[in-house]
Novice: 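After the structure tokens below, expect a handful of questions from me.
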Amino acid sequence: MATVTLEGIRKSYGRVEIIPSIDLEIASGEFIALVGPSGSGKSTLLRVIAGLEEIDAGRILLDGKDITTAEPSEREMAMVFQSYALYPHMTVAENMVFALRMRGADPAEIDRRLTAALKMLGMTDYAGRKPGQLSGGQRQRVAMGRAIVRQPQVFLFDEPLSNLDAKLRAATRLELRALHDQLGATSIFVTHDQIEAMTMADRIVLLDHGRIQQIGTPQQIYREPRNRFVASFIGSPEINMLRGVLAPGAGHPTFEGLPLPGARATAERQVDLGIRPEHVSVWTEAAPDRWPFEVEAVEFTGHDAFLLGRTPAGRITVRVDPDSENGLADRVTAGQRLHVQLQARHILLFDPETGLRLADG
Ligand code: ADP
Ligand code: MG
């Protein structure tokens, strides 16, 4: 087990600055998800940690020891990639221990580690097979096994589940997290998939353009996003974002002249108002606190149904319970005129200029 500390990491390719400056403290045994859009610098940062890329400035510490200039092989880290790159002519067992053999490790020790890893991965019966005789999920496990036998202090994962189909990915997510807990190592897991990040990580590090946008638990990231980017990146369907004027109003606050009782509005100002689809209530009847809502489309996913439509303040998506007693989700059709209310305590307010979350929002 080891802590990983990144101090003022800067990385450019030629004259293009990919990572302007990153500071990050990862606790021993922690599972960190490094998440962000494609091209945000996730793989670059992981490769920097692994020692596969040189940095322009900063320090990397492993358990407090400076490893900035250490060779990848000296770093006690093992990386698992999306493309497993298994040797097709070698068996599962040979693939898993190849690196150890190359290093001249003691054969008895290699055997002991192999047996343990195969067992841990449920792959004992497949030890003699070639990669071509395995499913995608099994090949992924071999790649994982190759890392496990090295007994690293830190596991570095670069989108290792991306090649698996949706169902297998969900199952492997759980397995991988359980393995992490069992091994007790520190894990840094790169993904562009917010669900993977949310379900697996102790803490999420959200990157955009090589900059950390927020570090927090999945709950913090979802409920208390620091800025508009974080609020919009995490959550599916995306959070509703309405730009308009929030005013204290007479009697109760208003947004674009529409009633917004319970909202915090001390002075009239332009805001970006964020509200998640599950935090909007929908009715068939009008009432003074409700906004008109014209349905444009209905999406039924099974455990959720979403109504996409138009309010006088802009388009929003609303989650409705498909199994609710009134059966609204099954009856509603495009073109129907309904009424919505934003749940005031869940409203998130952002500065339209800076994108930062407002202190009172
Ligand atoms: P992510 O993994 O988040 O998708 P990457 O770290 O792979 O992003 O890439 C971040 C940025 O760095 C991208 O704009 C990419 O084009 C650029 N980049 C990555 N590797 C290189 C390289 N070897 N040379 C030049 N640019 C690179
Ligand atoms: Mg990448």
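All residue numbers in this chain count up from 1 along the given sequence. Indexing begins at 1, ligand by ligand and atom by atom, following the structure's order.
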Novice: Establish, from distance only, whether the side-chain atoms of Thr68 and Asp66 form a donor-acceptor pair under 3.5 Å.
Specialist: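 The answer is yes; a qualifying pair exists.
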
Novice: With atoms numbered from 1 as shown, which atoms in ligand 1 lie under 4.0 angstrom from a non-hydrogen atom of Ile18?
Specialist: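 With Ile18 as reference, the close atoms of ligand 1 come out as 10 (C), 11 (C), 12 (O), 17 (C).
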
Novice: Any protein heavy atom lying closer than 4.0 Å to atom 15 (C) of ligand 1?
Specialist: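 No, because not a single protein heavy atom sits under 4.0 Å from atom 15 (C) of ligand 1.
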
Novice: Which ligand 1 atoms, with their elements, are less than 4.0 angstrom from a heavy-atom of Thr44?
Specialist: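 Going through ligand 1 atom by atom, the ones under 4.0 Å from Thr44 are 5 (P), 6 (O), 9 (O), 10 (C).
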
Novice: Phe31 and His180: ring pair (Phe, Tyr, Trp, His ring centres under 6.0 Å), yes or no, with the steps?
Specialist: CA-CA 8 Å; Phe31 194 114; His180 162 89; 5.0 Å; yes

Novice: With a 4.0 Å cut-off on heavy atoms, is Gly36 in contact with ligand 1?
Specialist: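 Contact check Gly36 vs ligand 1: negative.
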
Novice: Could you tell me the residue and atom name of the protein heavy atom closest to atom 4 (O) of ligand 1, and the distance to it rounded to 0.1 Å?
Specialist: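 Result for atom 4 (O) of ligand 1: Gly39 N, 2.7 Å.
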
Novice: Does Arg226 make a cation-pi contact with Phe350 (under 6.0 Å, within 45 degrees of the axis)?
Specialist: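 Judged by the rule (NZ or CZ under 6.0 Å from the ring centre, within 45° of its axis), Arg226 is not positioned above Phe350.
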
Novice: Under 4.0 Å from atom 6 (O) of ligand 1, can you find at least one protein heavy atom?
Specialist: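 Yes, because at least one protein heavy atom sits under 4.0 Å from atom 6 (O) of ligand 1.
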
Novice: If you measure from the Lys or Arg side-chain nitrogens to the Asp or Glu carboxylate oxygens, is any gap between Arg101 and Glu94 under 4.0 Å?
Specialist: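 Not counted as a salt bridge, because no side-chain N and carboxylate O are separated by less than 4.0 Å.
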
Novice: Counting C-beta onward and ignoring hydrogens, is there a side-chain heavy-atom pair between Arg310 and Glu296 closer than 4.5 Å?
Specialist: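 Side chain of Arg310 against side chain of Glu296, heavy atoms only: contact under 4.5 Å found.
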
Novice: Checking a contact table here: which protein heavy atom is nearest atom 19 (C) of ligand 1, and how many Å away?
Specialist: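 Answer for atom 19 (C) of ligand 1: Tyr13 CE1, 3.4 Å.
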
Novice: Is Gly41 in polar range of ligand 1, meaning some N or O pair under 3.5 Å apart?
Specialist: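 N/O-N/O distance below 3.5 Å exists for this pair.
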
Novice: Regarding Ser40 and Asp208, is there a side-chain donor-to-acceptor distance under 3.5 Å anywhere?
Specialist: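 Their side chains do not contain a donor-acceptor pair, so the 3.5 Å distance test is not met.
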
Novice: Taking 2.8 Å as the cut-off, does an N/O/S atom of Ser43 lie below it from the Mg ion (ligand 2)?
Specialist: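 It does: Ser43 brings an N, O or S atom closer than 2.8 Å to the Mg ion (ligand 2).
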
Novice: Can you sort out which atoms of ligand 1 are near Pro37, meaning under 4.0 Å from one of its heavy atoms?
Specialist: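 Those atoms are 3 (O).
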
Novice: Would Glu159 and Thr191 count as having a side-chain donor-acceptor pair, cut-off 3.5 Å?
Specialist: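 No pair is found: no donor N or O on one side chain lies under 3.5 Å from an acceptor on the other.
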
